[in-house]
Structure formats: structure tokens, C-alpha cells
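What follows is a single structure, written as C-alpha cells, with notes after it.
Quick note: residue numbers are just sequence positions, from 1.
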Amino acid sequence: MRLDLYQSWWGMLGESLAPPPGGVEAGVAGIRDAGFDGVMVFHPLLEAVGPDEWRTLAEGHGLKLGAGTFAATAEGFARDAEDACRAGASWINAQICDVEARGEAALDLLREFHSAAAAAGLELVVETHRGTLTQDLLRTLDYLEALPEMRITVDLSHYVVAGQLEMVNHPEDEFPELFERSFERLAEAAACVHGRISNGNQVQVPVWGPGEYLPSAHFARWWRKTMRSWRRRSAPGQALPFVCELGPPPYAMTTPDACGDKVELSDRWADALALRDLARACWKETENEEEGG
């Protein structure tokens, strides 16, 4: 078993989705040189460069490609899935952008997405994300109860913010029990992890902070639980994708500089590399636990 580390292409872009310095080729080469295993590209950005071009870029740099979609309907998803296949993806991450569907209507939509993914030969992972079908933690737990075969991309930053938890006030061993139990259930269905750290007030904060930075400790603990659960359920040769997904402003917090221009509060690329290292450390710890018996 292995951990595949992906860098989000969205995370390589500047404000207003400005391309990285040097363009697409240089950005992809930088991802490779930083030791990532793959690049994660959501459909609007996949389409902007072109699925065939993305396949050539990824393969040329020895990277895997993960695809994503914001589709709200099964028909839209099927179109995005076709492009994902052309780009060489074997799995697709779905933020299902229908925030109004509830109950049986939501379950029917999930079933339609799973059927469309199977028809395309792709593994579907449904992302836990605000403003989508999975915007609510408890609603998502209901989906998992009704559809035990459903696999998810765990992005806990959204549920920490939506739950209005000021994490700096919770020591590592005193986090609210409801959330611990709920996050453990999410871990049992996880087939992908999105790496982003929230402090309960902002959805994306720097990975490290002054002194004992509790948000990082909480997320590392949850990721280790997810990795342990995934290892128990998976077969040798399988890979767990971990995507470092730190978005540009307004996800990234900014402050005015001396000229009044907005600058990010931290180095987003350095934070992505810190997330990469933190994920590797979490995975190594679970490996050591398993080898120790």
C-alpha cells in the first residue's frame, strides 16, 4: 500500500486564477521536482488547457492525474467524466453542486453519479464541502448510512468551519465527542484526503503557527485515523491519494502591503510542501504501527 501525494493545480494559481510564473509546463515541472506523485485538476481548469494536453503533460513529467468536477447533474458529470478519462485519470473527485437536494432526492442524485462513474470506468469520490450536496456533516452521515458503498474525499476544513469550532480553544484530547465520532465515521468511508487546515474561523490557515499550533495537531490526528481505516480496508498495491489543496485568494488570507496591494499572509507553496511532509509523517506513523503488530 502507498500514499500518493498530489498537488492541486488550483493551488498553483494566483488571484483571479492567474497562471503560475513560467506557465503550465513550468508549474507541472515544479510539482514533479517537489516530489509529488500527481497533479489534481478540476474540470474548468482541465478544459482550459485541454484533456489531451493534460495527459501529455502529466505523463511527460511522470505524474499521475486526478480529476475533479463541480457538476450538479448526472448529465454534466458524465461529460466531465469523459474529459477525465481522456486526461488519463482513474478516479474523479466530485463536489456535487446541488445544495438544495435533500433526503431521497439527494440519494437518487448520488446513485446517478455512481452509475455514471461506473459507466466511464472511473472511481468516484464525493468531497465533503460547503455549498454542495455534502455541505452538512450530519446530512453526509445520513448518506453514508443509506449508501454504504459510497466513498468520499475527506476535507474536514469545511466541517470545522461549518461547525463553528474555535479549535485553538480545544486541547488535542478534549475535542467535542460528537465531532470525533462523526469524523471517525467519515474516515471509514474515505478513499481520498484533501489537505487543508482550518482553525474554525477561517477555512484555510498556515500549516504551522507560533508555539504549539493546535489546528495542525488536530488535523494530523484525523488524517492518521483516516489512513489507519483506509489501510484496514485496502489491498496490497492500492494507493490513497492525499491532495495538498491550498487555494489562492479569497481562500488564502491576505493583508494590504505598503502600496495597498493585497499580499497573502503566508507562502502558499511553502505551506503546500509542509502539508506534503506532514502527510508523509502521518503515513509513516501508521506504517510503523502496522509493522509493529
Side-chain angles (χ1 to χ4, degrees), residues 4 6 8-10 38-48 51 54-55 64-159 162 182 185-194 196 226 229-230 233-234 238-243 245:
D4 278 351
Y6 287 73
S8 167
W9 184 247
W10 174 58
V39 56
M40 172 72 186
V41 190
F42 267 84
H43 188 265
L45 299 173
L46 188 73
E47 188 178 41
W54 268 116
R55 184 172 195 140
K64 302 177 179 68
L65 188 135
T69 176
F70 299 112
T73 65
E75 293 77 14
F77 173 80
R79 290 190 294 270
D80 290 356
E82 182 179 348
D83 283 346
C85 290
R86 284 176 53 199
S90 61
W91 56 278
I92 186 166
N93 182 97
Q95 291 183 24
I96 304 178
C97 291
D98 183 337
V99 74
E100 297 182 4
R102 301 181 65 182
E104 282 302 317
L107 293 173
D108 286 345
L109 188 57
L110 287 165
R111 293 184 184 103
E112 290 172 3
F113 269 62
H114 280 87
S115 295
L122 293 170
E123 179 185 10
L124 172 65
V125 284
V126 179
E127 185 176 348
T128 61
H129 200 290
R130 297 168 301 155
T132 72
L133 196 73
T134 58
Q135 68 170 345
D136 178 88
L137 170 60
L138 300 180
R139 189 184 303 179
T140 300
L141 294 176
D142 288 342
Y143 300 154
L144 293 175
E145 183 176 352
L147 302 172
E149 71 279 10
M150 177 176 163
R151 292 295 173 259
I152 61 174
T153 294
V154 172
D155 185 343
L156 298 178
S157 63
H158 295 284
Y159 288 164
S182 299
R185 177 64 188 96
L186 296 180
E188 293 170 1
C192 180
V193 179
H194 272 194
R196 184 189 300 111
T226 300
S229 174
W230 182 87
R233 294 180 277 111
S234 301
Q238 290 186 298
L240 174 66
F242 184 103
V243 184
E245 197 197 35

For [X] and [Y], which heavy atoms make the closest approach, and how far apart are they?
X	Y	answer
Q135	G131	CB-N, 3.4 Å
R151	A191	CB-CB, 3.9 Å
L147	R111	CD2-NE, 3.7 Å
Y6	K64	OH-CB, 3.5 Å
A74	F113	N-CE1, 3.7 Å
A67	A84	CB-CB, 3.5 Å

From [atom1] ([X]) to [atom2] ([Y]), nearest 0.5 Å:
X	Y	atom1	atom2	result
T73	I96	OG1	CD1	10.5 Å
C192	D4	SG	CG	10.0 Å
I152	H194	CD1	NE2	11.5 Å
F77	S115	CZ	OG	10.0 Å
F70	D98	CZ	CG	15.5 Å
W230	T226	CH2	OG1	12.0 Å

**Request:** Report, as yes or no, whether the 6.0 Å neighbourhood of atom CD on E145 holds more than 12 heavy atoms from other residues, nucleotides or ligands.
**Result:** no
**Prompt:** Can you list every ring pair (Phe, Tyr, Trp, His ring centres under 6.0 Å) pair that touches residues 118-155, not counting sequence neighbours?
**Reply:** H129-H158
**Request:** State plainly whether the residues E188 and R185 are in salt-bridge range, i.e. N to O under 4.0 Å.
**Result:** yes
**Prompt:** Does the distance from a Lys or Arg side-chain N to an Asp or Glu carboxylate O, for R139 and D142, drop under 4.0 Å?
**Reply:**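 Between D142 and R139 there is no salt bridge, as every charged N stays at least 4.0 Å from the carboxylate O atoms.
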I'd like to know if the side chain of [X] reaches the main chain of [Y], judged simply by a donor and an acceptor atom lying under 3.5 Å from each other, with no hydrogens or angles considered.
X	Y	result
W9	L46	no
R233	A190	yes
T69	D80	no

**Asked** When you look at N93 and V243, which way does the side-chain contact (heavy atoms from CB on, under 4.5 Å) test go after all the steps?
**Response** CA-CA 11 Å; N93 182 97; V243 184; over 6 Å; no
**Request:** Test R55 against R86 for side-chain contact (heavy atoms from CB on, under 4.5 Å), laying out the working first.
**Result:** CA-CA 7 Å; R55 184 172 195 140; R86 284 176 53 199; 5.7 Å; no
**Request:** Verify side-chain hydrogen bond (donor to acceptor under 3.5 Å, both in side chains) between Y159 and T140, making sure each step is shown before the conclusion.
**Result:** CA-CA 11 Å; Y159 288 164; T140 300; 2.7 Å; yes
**Request:** Under the side-chain contact (heavy atoms from CB on, under 4.5 Å) rule, what do T132 and E127 come out as? Steps first, then yes or no, please.
**Result:** CA-CA 9 Å; T132 72; E127 185 176 348; over 6 Å; no
**Prompt:** Can D108 and E104 be said to form a side-chain contact (heavy atoms from CB on, under 4.5 Å), step by step?
**Reply:** CA-CA 6 Å; D108 286 345; E104 282 302 317; 4.2 Å; yes
